[in-house]
Amino acid sequence: MNYDNNKPKIKRRIIFVVAIIITAIIQNTGARVNGVFDAHAFLLIPLLISISMFEREIVSALLGALAGLLWDLSVGVDGYNVLVFMLLCAVCSILINRLMQNNIITAVVLGLSAVGAYIALYIMIYIVLDGGGYPLSQILRFYLPSFIFTSLFIPVYYFLVRVVFESNRTVEEY
């Protein structure tokens, strides 16, 4: 078996891991570099969805679990992000590899769906079921602006990931 043709794949995945780590650091800094007023961009979600559109299911799920672990470690949630990101990435990769075309429109649709699903699940589990305050107020003041702010990063991440993928593609991926 010739392992020389795997070098671009390994290089690409290392780039993706480094991008996830850097994005997690930027997203989870206390200075809120990525925030506007009360809104806070969930930068990891568009990055993960973009990566999942170009990678296979298992790699996508593992990268999602890594990103979720980094997010959980920074906010102290017990595995919520690991599980949700792993599932979102696997589902996105399955959809792209089996049903959908890989283009910017699909990236926006999947990205918005992923951010919406993440926020809806979080609200249901940690606000409504836990009795954590006034959900409508939190939705209007924080989650809706954060959803809109996060959506701006979907095309940016899609095109960056696409460049990395196309420059580090193996022969069988053409």
Side-chain angles (χ1 to χ4, degrees), residues 8-9 11-29 31-71 74-75 81-82 84-123 139-170 173-174:
K9 200 182 292 186
K11 180 181 173 189
R12 177 180 74 223
R13 291 175 180 163
I14 289 171
I15 292 170
F16 288 157
V17 168
V18 170
I20 288 170
I21 292 169
I22 290 171
T23 303
I25 291 169
I26 292 170
Q27 174 179 299
N28 298 320
T29 57
R32 300 280 187 204
V33 176
N34 63 332
V36 175
F37 302 114
D38 284 343
H40 178 72
F42 304 125
L43 297 175
L44 280 172
I45 298 172
L47 175 62
L48 290 172
I49 295 303
S50 298
I51 290 171
S52 296
M53 291 181 71
F54 292 95
E55 288 290 348
R56 301 299 295 178
E57 296 86 1
I58 293 179
V59 174
S60 297
L62 291 173
L63 291 173
L66 170 68
L69 179 66
L70 293 173
W71 197 339
S74 70
V75 296
N81 292 312
V82 172
V84 171
F85 288 172
M86 188 173 65
L87 290 173
L88 285 175
C89 289
V91 167
C92 176
S93 185
I94 289 168
L95 287 173
I96 289 296
N97 288 318
R98 306 229 185 336
L99 296 173
M100 302 173 124
Q101 292 183 351
N102 192 342
N103 56 40
I104 186 64
I105 295 170
T106 309
V108 170
V109 168
L110 288 174
L112 292 175
S113 300
V115 174
Y118 175 82
I119 291 172
L121 281 170
Y122 190 87
I123 289 170
I139 289 169
L140 293 176
R141 291 193 58 202
F142 178 73
Y143 290 106
L144 184 60
S146 295
F147 175 83
I148 294 167
F149 190 38
T150 302
S151 68
L152 300 175
F153 290 93
I154 295 169
V156 174
Y157 278 125
Y158 176 78
F159 286 117
L160 290 174
V161 168
R162 184 176 174 180
V163 166
V164 170
F165 180 80
E166 289 178 355
S167 64
N168 295 294
R169 187 184 265 203
T170 60
E173 292 173 327
Y174 277 102

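Worth knowing before you read on, the calculation uses all heavy atoms, side chains too, and leaves out hydrogens, waters and symmetry mates.
The CG atom of Leu48 sits 13.0 Å away from atom CG of Leu110, with the distance rounded to the nearest 0.5 Å. Annotation: the span from Met86 atom CE to Asn81 atom CG amounts to 12.0 Å, rounded to 0.5 Å. Atoms CD1 and CG, from Ile20 and Leu63 in turn, are 4.5 Å apart once rounded to the nearest 0.5 Å.
Within 6.0 Å of CG on Leu152 lie more than 12 heavy atoms contributed by other residues, nucleotides or ligands. Heavy atoms of other residues, nucleotides or ligands lying less than 6.0 angstrom from CD1 of Ile58 number 12 at most.
Looking at Lys9 and Arg169, their side chains never come closer than 4.5 Å, going by heavy atoms from C-beta outward. Counting only heavy atoms from C-beta outward, the side chains of Leu88 and Val84 approach each other to under 4.5 Å.
Take Val163 and apply the side chain to side chain contact (heavy atoms under 4.5 Å, CB included) test, not counting sequence neighbours, and it matches no residue.
Between Tyr158 and Phe54, the angle of the ring planes lies from 30° to 60°, which puts this pair in the tilted group. Ring orientation note: the planes of Tyr157 and Phe153 are tilted relative to one another, at an angle of 30° to 60°.
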- [ ] Show your reasoning for whether salt bridge (Lys or Arg N to Asp or Glu O under 4.0 Å) applies to Arg98 and Glu57.
- [x] CA-CA 11 Å; Arg98 306 229 185 336; Glu57 296 86 1; 2.8 Å; yes
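Considering all non-hydrogen atoms of both residues, Thr29 and Ile26 come closest at OG1-O, 3.2 Å. Counting all heavy atoms, side chain and backbone alike, Met100 lies closest to Thr106 at SD-CG2, 3.9 Å. For the pair Ile45 and Ala114, the tightest heavy-atom approach, listed with the atom from each and the gap, is CG2-CB, 4.0 Å. Cys92 approaches Ile49 most closely through the heavy-atom pair SG-O, 3.7 Å. Nearest approach of Ile154 to Leu112, heavy atoms of both residues: CD1-N, 3.7 Å. Shown here for Ala65 and Val82, the closest heavy-atom pair between the two residues is O-CG2, 3.9 Å.
When each of Tyr122, Phe147, Trp71 is tested with Phe42 by the rule side-chain contact (heavy atoms from CB on, under 4.5 Å), just one qualifies, namely Trp71.
Judged by distance alone, with hydrogens and angles left aside, the side-chain atoms of Ser113 form a donor-acceptor pair with the main-chain N or O of Val109 at under 3.5 Å. Of the possible donor and acceptor atoms, one in the side chain of Gln27 sits under 3.5 Å from a partner among the backbone N and O of Leu44.
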